[in-house]
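Here's the structure, in structure tokens; my notes come after.
All residue numbers refer to positions in the sequence shown, counting from 1. Quick note: numbers below take in every heavy atom, side chains included, and nothing from hydrogens, waters or symmetry partners.
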Amino acid sequence: MAGMTKEELMKHVYVRCAECDDYITDKIIRLEGKPYHGHCFFCHGCHKELSGISFVPPSEEHPDLYCVDCHQERYAKRCNSCTNPILPNKGTDESRILMFMEKDYHVACFKCQDCDRSLRAAGGNDSGEGCYPFQGALLCRPCNQTRVEVFTRPE
């Protein structure tokens with residue numbers, strides 16, 4: 001290696017970081033064969049270093065690294081009622097999503113917009129009677145009937 005420039009020597013001895021493209025001269029973190037500096041292996045949402053914590057690896061659909069919390073906040077389906085992300089229940093990796101008319105809801109948010117009664121079908125765990133939408137509003141049967149009567153009442 002005598003007669004090599006410092007740059008040539010660096011190319012032979014060190015690898016370049018997949019994030020910043022600088023040479024890594026200390027600890028290397030590898031993900032899917034790609035090398036990273038410790039400080040470059042960070043969440044692109046909150047900027048925490050990801051070494052030693054749970055994270056979601058990059059994909060074609062989501063090319064940046066994220067901690068689990070930031071990935072869920074950014075990419076989880078959102079409830080059409082409360083607009084919060086629909087996240088897995090504590091201790092599981094599964095989310096309970098209720099879909100109605102091509103929209104997603106938390107199970108607890110699928111309720112009548114007038115009286116807050118659950119709209120889950122009678123066969124479910126709740127005592128709801130089902131959903132009776134009217135002009136974009138999710139309603140229980142009694143509230144739907146009230147709105148229809150008001151809407152169709154002659155003036």
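Looking only at side-chain heavy atoms (C-beta outward), Leu31 and Phe55 come within less than 4.5 Å of each other. Considering only heavy atoms from C-beta on, Asp104 stays 4.5 Å or farther from Cys79 through its side chain. Lys111 has its side chain out of reach of Arg117: every pair of non-hydrogen atoms, C-beta onward, lies at least 4.5 Å apart. Put simply, the side chain of Ile24 does not reach to within 4.5 Å of the side chain of Tyr14, judged on heavy atoms. Contact annotation: the side chain of Pro85 never approaches that of Lys77 to less than 4.5 Å [non-hydrogen atoms, C-beta and beyond]. In this structure the side chain of Cys67 reaches within 4.5 angstrom of the side chain of Cys46, judged on heavy atoms. By the 4.5 Å heavy-atom criterion applied to side chains, Cys20 and His37 are counted as neighbours. Contact check for Ser54 versus Val68: side-chain heavy atoms found under the 4.5 Å cut-off.
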Could you check Ser51 against Lys27 for side chain to side chain contact (heavy atoms under 4.5 Å, CB included), going step by step and ending with a plain yes or no? CA-CA 11 Å; Ser51 181; Lys27 182 173 112 177; 4.0 Å; yes
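Between the CD1 atom of Ile53 and the SG atom of Cys43 there is a distance of 7.5 Å, given to the nearest 0.5 Å. Between Arg74 atom CZ and Asp69 atom CG the span is 13.0 Å, to the nearest 0.5 Å. Expressed to the nearest 0.5 Å, how far SG of Cys109 lies from CG of Asn80 amounts to 10.0 Å. Once rounded to the nearest 0.5 Å, the distance linking OG of Ser81 with CG of Leu98 reads 11.5 Å.
Considering all non-hydrogen atoms of both residues, Pro35 and Ile28 come closest at CB-CG2, 3.8 Å. Contact between Glu60 and Pro63 at its shortest, heavy atoms only, is O-CD, 4.2 Å.
Placement of Ile97 and Leu119 in two distinct hydrophobic clusters is found when ILVMFWY residues are connected by side-chain heavy-atom separations under 4.5 Å, directly or transitively.
Aromatic rings of His44 and Phe42 (six-membered ring for Trp) have centroids within the 6.0 Å cut-off, being under it. Ring to ring, Phe100 and Tyr105 are not that close: their centroids are 6.0 angstrom or more apart. Aromatic rings of Tyr66 and Tyr75 (six-membered ring for Trp) have centroids within the 6.0 Å cut-off, being under it.
The main-chain N or O of Pro88 is never found under 3.5 Å from a side-chain atom of Arg96 such that the two would form a donor-acceptor pair. A donor-acceptor contact shorter than 3.5 Å is absent between the side chain of His106 and the backbone of Arg78. Remark: the backbone N or O of Leu65 is not paired with any side-chain donor or acceptor of His71 at under 3.5 angstrom.
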Show me the donor-acceptor pairs within less than 3.5 Å that the side chains of residues 131-143 make with the rest of the protein, sequence neighbours left out.
from, atom 1, to, atom 2, distance (Å)
Tyr132, OH, Arg141, NE, 3.2
Tyr132, OH, Arg141, NH2, 2.7

